[in-house]
Amino acid sequence: MQIGLIGLGKMGGNMRERIRRAGHTVVGYDRNPDVSDVKHLPELVEKLEAPRVIWVMVPAGSPTQAVIDELKDLLSPGDVVVDGGNSRWTDDEKHATELGIKGIGFVDAGVSGGVWGLENGYALMVGGDKEHVERLQPIFEALKPEGPYGYVHAGRVGAGHFSKMVHNGIEYAMMQAYAEGWELLEKVKSVENVREVFRSWQEGTVIRSWLLDLAVNALDDDEHLDKLRGYAEDSGEGRWTVEAAIDNAVPLPAITASLFARFSSRQDDSPQMKMIAALRNQFGGHAVESAKE
């Protein structure tokens, strides 16, 4: 199968490689000419046989909108566009309508896997019409982890990004719980080897998880996280999750508290945020700030 892929950053570049490993043809475009297969979007479209599939992996908001605007004038009826970035679900219906006027299909795909996805596969949460989703099935199979799990057609347009948003909200709360526990263990004098306590939880406990494994990785690199500043960004999806909870009158006390805890890192060098920053760097390659001398 042929596919165009726009955005070859930390995730997009690895996704291109994973799809190619599965035997499919990928034509990639990025503003960075060192990684791009073509010079511009018109060339990308020209290299694909109709009906085309274009997967967009660029930042949410105006960058995604700019790509959608350009594609709707380049593509033809019967083509399909996939937004695999972290777009807000409310943008999906707008994009589907704009493209649909031209006879172009639209699918939204929440993608989780970070910098580990090339080898481990990407969890995919997909929204869109059945006919469009089924056309993309070979690509979804190439990207997802091996085995029966890691992919879902969550519902109509917007369902994929909404599901990924909730996933990230849960992620916020889980990371916050590990961070709070780590700070408390570090605080008391009786616990002399916090890193090994975390390591002991990796087997046989109800709180074992991949995030816990990544926390141990981070502590192996920097046992007391002394090299990090206690600062962690919020990507936007945590805020959107809380806003959706308010709109739907659904109580989310743990997720909301974890979002507010991120804000505390704007004020002080928070020990908890050192662990949050370390975890975000481990699973997603997100930038960290070094502790000041």
ask   = Counting only N and O atoms by type, is there a donor-acceptor contact under 3.5 Å from the side chain of Arg52 to the main-chain atoms of Gly4?
value = no
inquiry  = Hydrophobic clustering (ILVMFWY, side-chain heavy atoms < 4.5 Å, transitive) - are Met1 and Leu48 grouped together?
reply    = no
Can you give each donor-acceptor pair under 3.5 Å made by side-chain atoms of residues 181-189, sequence neighbours left out, with the distance rounded to 0.1 Å?
{"residue": "Glu183", "atom": "OE1", "partner": "Gln272", "partner atom": "NE2", "Å": "2.9"}
{"residue": "Glu186", "atom": "OE1", "partner": "His224", "partner atom": "ND1", "Å": "3.2"}
{"residue": "Glu186", "atom": "OE2", "partner": "His224", "partner atom": "ND1", "Å": "3.2"}

Donor-acceptor under 3.5 Å (His24 side chain, Arg18 main chain) = no
request  = Using the salt bridge (charged side-chain N to carboxylate O under 4.0 Å, His left out) rule, collect all pairs that involve residues 137-155, keeping only residues at least two apart or in two chains.
outcome  = none
Could you tabulate the donor-acceptor pairs under 3.5 Å formed by side-chain atoms of residues 190-197, not counting sequence neighbours?
{"residue": "Asn193", "atom": "OD1", "partner": "Glu196", "partner atom": "N", "Å": "3.3"}
{"residue": "Glu196", "atom": "OE1", "partner": "Arg199", "partner atom": "NE", "Å": "2.9"}
{"residue": "Glu196", "atom": "OE2", "partner": "Arg199", "partner atom": "NE", "Å": "3.2"}
{"residue": "Glu196", "atom": "OE2", "partner": "Arg199", "partner atom": "NH2", "Å": "3.0"}

message = Would a single hydrophobic cluster contain both Ile68 and Leu5, if residues Ile, Leu, Val, Met, Phe, Trp and Tyr are joined by side-chain heavy-atom contacts under 4.5 Å?
response = no
task = Mind running side chain to side chain contact (heavy atoms under 4.5 Å, CB included) on Gln2 and Val27 for me, showing each step along the way?
result = CA-CA 8 Å; Gln2 286 186 331; Val27 181; over 6 Å; no
Non-hydrogen side-chain atoms of Met57 and Met11 separated by less than 4.5 Å = yes
Salt bridge (Lys or Arg N to Asp or Glu O under 4.0 Å) against Lys10, all qualifying residues, sequence neighbours excluded = none
Val53 backbone acceptor or donor facing Asp79 side chain under 3.5 Å = no
inquiry  = Taking Arg135 first and then Glu131, would you say they form a salt bridge - that is, a charged N and a carboxylate O separated by under 4.0 Å?
reply    = no
message = Nearest 0.5 angstrom please: Leu44 CG to Glu70 CD, how far?
response = 10.0 Å
key: Donor-acceptor pair between Asp91 and Ser87 side chains, under 3.5 angstrom   = no
ask   = Sub-3.5 Å donor-acceptor pair from the side chain of Asp222 to the main-chain atoms of Lys227, do we have one?
value = yes
request  = Could you tell me whether a side-chain N or O of Ser36 sits under 3.5 Å from a main-chain N or O of Pro33, the two making a donor and an acceptor?
outcome  = no
Val38 side chain near Glu46 side chain, heavy-atom distance below 4.5 Å = no
ask   = Quick one: do Asp37 and Arg20 make a salt bridge, cutoff under 4.0 Å?
value = yes
Counting only pairs under 3.5 Å, give me each side-chain donor-acceptor contact of residues 97-107, with atom names and distances, residues two or more places apart or in other chains.
{"residue": "Thr97", "atom": "OG1", "partner": "Glu93", "partner atom": "O", "Å": "2.9"}
{"residue": "Glu98", "atom": "OE1", "partner": "Gln65", "partner atom": "NE2", "Å": "3.2"}
{"residue": "Glu98", "atom": "OE2", "partner": "Lys94", "partner atom": "NZ", "Å": "2.7"}
{"residue": "Lys102", "atom": "NZ", "partner": "Lys72", "partner atom": "O", "Å": "3.3"}
{"residue": "Lys102", "atom": "NZ", "partner": "Asp73", "partner atom": "OD1", "Å": "3.2"}

request  = Answer yes or no for Arg262 and Tyr172: cation-pi contact, defined as NZ/CZ to six-membered ring centre under 6.0 Å and angle to ring axis within 45°.
outcome  = yes
message = Between Arg280 and Glu171, does the salt bridge (charged side-chain N to carboxylate O under 4.0 Å, His left out) criterion hold? Intermediate values first, please.
response = CA-CA 10 Å; Arg280 294 179 80 242; Glu171 176 189 298; over 6 Å; no
ask   = Hey, does the side chain of Thr241 reach the backbone of Met165 with a donor-acceptor pair shorter than 3.5 angstrom?
value = yes
query = Quick check: does any side chain N or O of Asp108 sit under 3.5 Å from a backbone N or O of His161, one acting as donor and the other as acceptor?
reply = yes
message = Hydrophobic clusters here meaning ILVMFWY residues chained together by side-chain heavy-atom distances under 4.5 Å, can you tell me if Val80 and Leu124 are in one?
response = yes
task = Tell me whether Met15 is reachable from Val26 by hopping between hydrophobic residues (I, L, V, M, F, W, Y) whose side-chain heavy atoms are closer than 4.5 Å.
result = yes
task = Please lay out, stage by stage, how Thr64 and His95 fare under the test side chain to side chain contact (heavy atoms under 4.5 Å, CB included).
result = CA-CA 10 Å; Thr64 295; His95 294 156; 3.9 Å; yes
request  = Dump the intermediate steps for side chain to side chain contact (heavy atoms under 4.5 Å, CB included) on Gln137 and Tyr151, then the final yes or no.
outcome  = CA-CA 10 Å; Gln137 206 63 41; Tyr151 164 81; 3.4 Å; yes
request  = Starting at OG1 of Thr90, measure out to CH2 of Trp240 and round the result to the nearest 0.5 Å.
outcome  = 7.5 Å
query = Minimum heavy-atom separation for Leu74 to Val45, with atom names?
reply = O-CG1, 3.8 Å
task = Please go through Met125's hydrophobic cluster and name the other residues, only I, L, V, M, F, W, Y counting, with side-chain heavy atoms under 4.5 Å joining them.
result = Val152
ask   = Just wondering, do Phe198 and Met275 contact through their side chains at under 4.5 Å, heavy atoms?
value = yes
query = Under a 4.5 Å side-chain heavy-atom rule over Ile, Leu, Val, Met, Phe, Trp and Tyr, are Val115 and Ile276 clustered together?
reply = yes
query = Hey, what do you get for CG (Asn168) to CG (Asn86), rounding to the nearest 0.5 Å?
reply = 6.0 Å
